[in-house]
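Starting from 1, each residue takes its place in the sequence as its number.
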Amino acid sequence: MSYDRELVAAKKAASLAARLCQKVQKDLLQSDVQSKSDKSPVTVADYGSQALVSFVLQKEFPSEKLSLVAEEDSGDLCTDGAQETLERIRKLVNDTLASDRSYSVSRLSTEDILQAIDSGKSEGGSQGRHWVLDPIDGTKGFVRGDQYAIALALLDQGKVVLGVLACPNLPITSISGENQHAFNSGEVGCLFFAEVGGGTYMQSLNGSSPLKVQVTAVENPEEASFFESYEAAHSMHDLSSLIAKKLGVKAPPVRIDSQAKYGALSRGDGAIYMRFPHKGYREKIWDHAAGYIVVTEAGGVVRDAAGIPLDFSRGKYLDVDTGIIVTNQKLMPLVLKAVRESLEEKASSL
């Protein structure tokens, strides 16, 4: 089955959301960051991105009821002190739509914006089709002026069938090794996209011709470089370090925020991505769905720490064993062995 039409819509939605986010990041004001109950920063751009993606998908598929599993809801925007924030979101969404001119609609009201944001209340699951969105994956990176991604995927009967990653600050050229800070110079802004059975492609957010990408063919772990989360709060860096040591990895880890790691790995910038959240954290499907298909269609493999494929059919959460490993087919058995040994070592030292 072809998902070409859905992929075109997803690329459109993610690209427009990226345009909105770039505008906000350039002029990031302190008042843009609200604190959510879990203390992760939520920005005006986060809500604006979700409203915009929801609007585009509803416009592109008017005869279908939109099922969107997404990170944000409008609860915080309905409080007494949030009117100014809501008005800024409304203006940003309307300005972005007006600059694109694809949709001839009257300007959206604040009520329209709240409804668009709350389209993301679906629970997902194994039946039917569900869009999955992280409107800004890597909000801390966004606030710092570093990497973030707009991550949009489509599930059909519980399987990820397409994914788009818009990475506004990711350089077009490789970020491996000494080039990892290259986004201070040269062209930045990548759009990765993949459809099941169709491979993975990258183009610039400015709209260059798509280029087919592949994960690295490195087979010797000593030659491999690995990605991990920038924030130590998001992943156990000490465990990753122990695993890398067992594998004989010589290069220091490349630490960047968001699913931009999946995009970079899909084009061969690094060979391994390891994520080991702290105890008690449950992975959400929007943190991995788009990245998962971008990497697998580029020839990569994504498993949990027990070597089991990720299951996106069980609602909002991914119940994984200990962590998530992303690498190529040749390295995966070696990485899983090092993970197992390292976990046993850590357990015996407690």
Exercise for the section: Salt-bridge test for Asp134 and Lys284: reply yes if a basic N is under 4.0 Å from a carboxylate O, no otherwise. Expected result: no
Practice task
Return yes when atom NZ of Lys91 has more than 12 non-hydrogen atoms of other residues, nucleotides or ligands closer than 6.0 Å, and no otherwise.
Solution key: no
Completion exercise
Separation between CG (Leu191) and CD1 (Ile150), nearest 0.5 Å, reads 9.5 Å
Practice task
Answer yes or no: does atom NZ of Lys346 have more than 12 heavy-atom neighbours from other residues, nucleotides or ligands under 6.0 Å?
Solution key: yes
Practice task
Answer with yes or no whether the side chains of Ser119 and Gln115 bring together a donor and an acceptor at under 3.5 Å.
Solution key: no
Handout entry: Geometric class of the Tyr262/His288 ring pair [parallel <30°, tilted 30-60°, perpendicular >60°]
Key = perpendicular
Problem - Lys/Arg N to Asp/Glu carboxylate O, Arg144 vs Asp257, below 4.0 Å - result: yes
Practice task
Flag yes if more than 12 heavy atoms outside Lys12 fall under 6.0 Å of its NZ atom; otherwise flag no.
Solution key: yes
Problem - Pair Tyr103, Glu60: side-chain N/O donor-acceptor within cut-off below 3.5 Å - result: yes
Exercise for the section: Please assess Ser54 against Gln58 for the test side chain to side chain donor-acceptor pair (under 3.5 Å), listing each intermediate value before the final yes or no. Expected result: CA-CA 6 Å; Ser54 168; Gln58 289 181 72; 2.9 Å; yes
Exercise for the section: Check the surroundings of atom CZ in Arg107: do more than 12 heavy atoms from other residues, nucleotides or ligands lie under 6.0 Å from it? Expected result: yes
Exercise for the section: Assess whether atom NZ of Lys330 is packed by more than 12 heavy atoms of other residues, nucleotides or ligands within 6.0 Å. Expected result: no
Practice task
For Ser241, check side chain to side chain donor-acceptor pair (under 3.5 Å) against everything at least two apart and list the hits.
Solution key: none
Exercise for the section: Using a strict 4.0 Å threshold on nitrogen-to-oxygen distance, state whether Glu283 and Arg275 make a salt bridge. Expected result: yes
Exercise for the section: Would you kindly check if the NZ (Lys) or CZ (Arg) of Lys261 is within the cone defined by 45 degrees around the ring axis of Phe227 and under 6.0 Å from the six-membered ring centre? Expected result: no
Handout entry: Side-chain H-bond candidate by donor/acceptor type, Asp100 with Ser102, under 3.5 Å
Key = yes
Problem - Partner of Tyr292 by ring-ring contact (aromatic ring centres under 6.0 Å, His included), out of Trp286, Tyr273, Phe312 - result: Phe312
